[in-house]
Amino acid sequence: MPKDCYTVRISKKASQFTESVIRDMTRQAIQHDAVNLAQGFPDFPAPDAVKLAAQEAVAANINQYAITWGAQNFRRAIAHKFEQLQGVPVDPEREITVCCGSTEAMIATLLALADPGEEVIVFEPFYENYGPDAILSGATPRYVTLYPPADPDGEWQFDPAELRAALSRNTRAIIINTPHNPTGKVFTRSELELVRDLCVEFDVLAITDEIYEHIVYDGAIHISIASIEGMRERTVTINSLSKTYSVTGWRVGWAIAPPELTSAIRKVHDFLTVGAAAPLQAAGATALGLPGGYYVELAEKYAERRTVLLNSLRTAGFKAYKPSGAYYIMTDISSFGSVDDRAFATHLVQEIGVAAVPGSSFYSKPDGGSRQIRFAFCKQLETLNRAVGNLQRLRRT
Ligand SMILES: Cc1ncc(COP(=O)(O)O)c(C=O)c1O
């Protein structure tokens with residue numbers, strides 16, 4: 001073979017998934033100068049106290065590696081907050097791993113706890129990372145459908161019989177995301193108890209992504225499945241600073257799990273990233289100590305934005321599902337004719353001036369979500385109002 005012959009080859013794992021559609025939509029928003037309601041990052045500043053704490057940490061020379069599984073004061077703050085809010089005592093020395101965002105916490109958890117050949121249950125539509133996460137860890141995702149409500153003010157539901165049927169001897173874990181991206185579903189206590197019963201019966205773990213825990217509406221209450229009797233010892237609770245404190249660029253998150261599971265997660269985390277940014281962990285301890293009023297105000301501000309975007313989308317002709325939590329609105333585009341989600345999203349970003357995410361990026365099958373589009377409302381009111389103005393250009397068929 002000649003010396004300059006070079007075969008381009010990528011791993012089978014990497015070839016099984018595509019680039020993030022959400023992040024691609026952000027690039028398109030910039031290219032077409034559209035209002036970016038695609039990616040879920042706030043365009044308003046983080047709280048001053050939190051920003052100041054980060055500046056002070058850098059100035060105080062907290063600039064070297066933190067302990068690989070997280071700075072002690074930050075882990076203590078995480079344990080304290082979880083116990084206060086969910087009544088679950090956590091040992092910060094043995095049960096917490098600080099990671100680079102909940103994104104790393106999820107992949108580190110799956111790599112540490114699931115084996116090739118095992119299955120993980122994912123509710124569909126799902127936050128787009130879970131599919132690739134399962135593939136990278138060698139596990140096989142099994143999808144259970146969340147059905148949209150007939151009344152768009154209602155709640156997305158799964159069929160308990162379908163969830164049961166998806167479980168088998170090969171199941172390693174059920175991934176829960178509550179409040180849920182993209183549907184806004186907040187899992188109720190009775191739904192979580194049903195999941196608990198199945199986790200116990202089939203001896204599987206729950207891995208729960210709770211990064212929208214404080215963003216709930218209309219009296220909805222966020223419940224951590226770890227707080228439900230029988231689940232503490234079989235749950236990995238994943239969270240991060242990103243959404244609660246509007247610092248998605250900091251990349252600081254964590255996983256709370258029983259000591260044996262945490263040891264494995266810590267090992268994987270160490271070799272994946274070594275650790276999250278030390279000064280930002282110091283600032284994280286300040287963030288987690290913000291007074292309760294901060295979280296009330298956060299939810300109120302998002303509730304106002306939800307109303308603005310929901311009304312605008314409904315006026316423009318979308319069937320817009322009212323979220324009970326998180327900061328997205330999932331919509332059905334059927335009233336705009338037979339156009340599919342990708343073509344519609346392209347039209348929106350290029351001609352209408354609003355970037356949103358095609359529904360299919362939240363589904364495993366290519367035709368899943370083909371009539372759906374997701375909009376994010378974690379934006380300043382001025383930004384949302386620009387989007388509202390642009391959406392008025394849309395024409396129904
Ligand atoms: C459900 C869900 N999990 C995780 C993430 C990413 O979180 P992080 O910034 O902590 O990695 C997002 C971001 O949109 C999300 O919606």
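Counting convention: from 1, in listed order, for ligands and their atoms alike.
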Measure from the side-chain N and O atoms of Asn239 to the backbone N and O of Leu241, and report whether any donor-acceptor pair falls under 3.5 Å.
no
Is Arg172 reaching over with its side chain to a backbone N or O of Leu113, donor-acceptor style, under 3.5 angstrom?
yes
Are Lys243 and Phe41 in a cation-pi setup, meaning NZ or CZ lies under 6.0 angstrom from the ring centre and within 45 degrees of the ring axis?
no
A cation-pi test, strictly: NZ or CZ of Arg305 under 6.0 Å from the centre of the six-membered ring of Phe44 and no more than 45 degrees from its axis. Yes or no?
yes
Using ring-ring contact (aromatic ring centres under 6.0 Å, His included), reason through Trp156 and Tyr147 one step at a time and then give a plain yes or no.
CA-CA 5 Å; Trp156 292 61; Tyr147 294 98; 9.0 Å; no
Taking Ser20 for its side chain and Arg23 for its backbone only, find out whether a donor-acceptor pair lies under 3.5 Å.
yes
Residues in the immediate environment of ligand 1 (any heavy atom closer than 4.0 angstrom):
Gly101, Ser102, Thr103, Tyr127, Tyr130, Asn177, Asn181, Asp209, Ile211, Tyr212, Ser240, Ser242, Lys243, Arg251, Tyr328
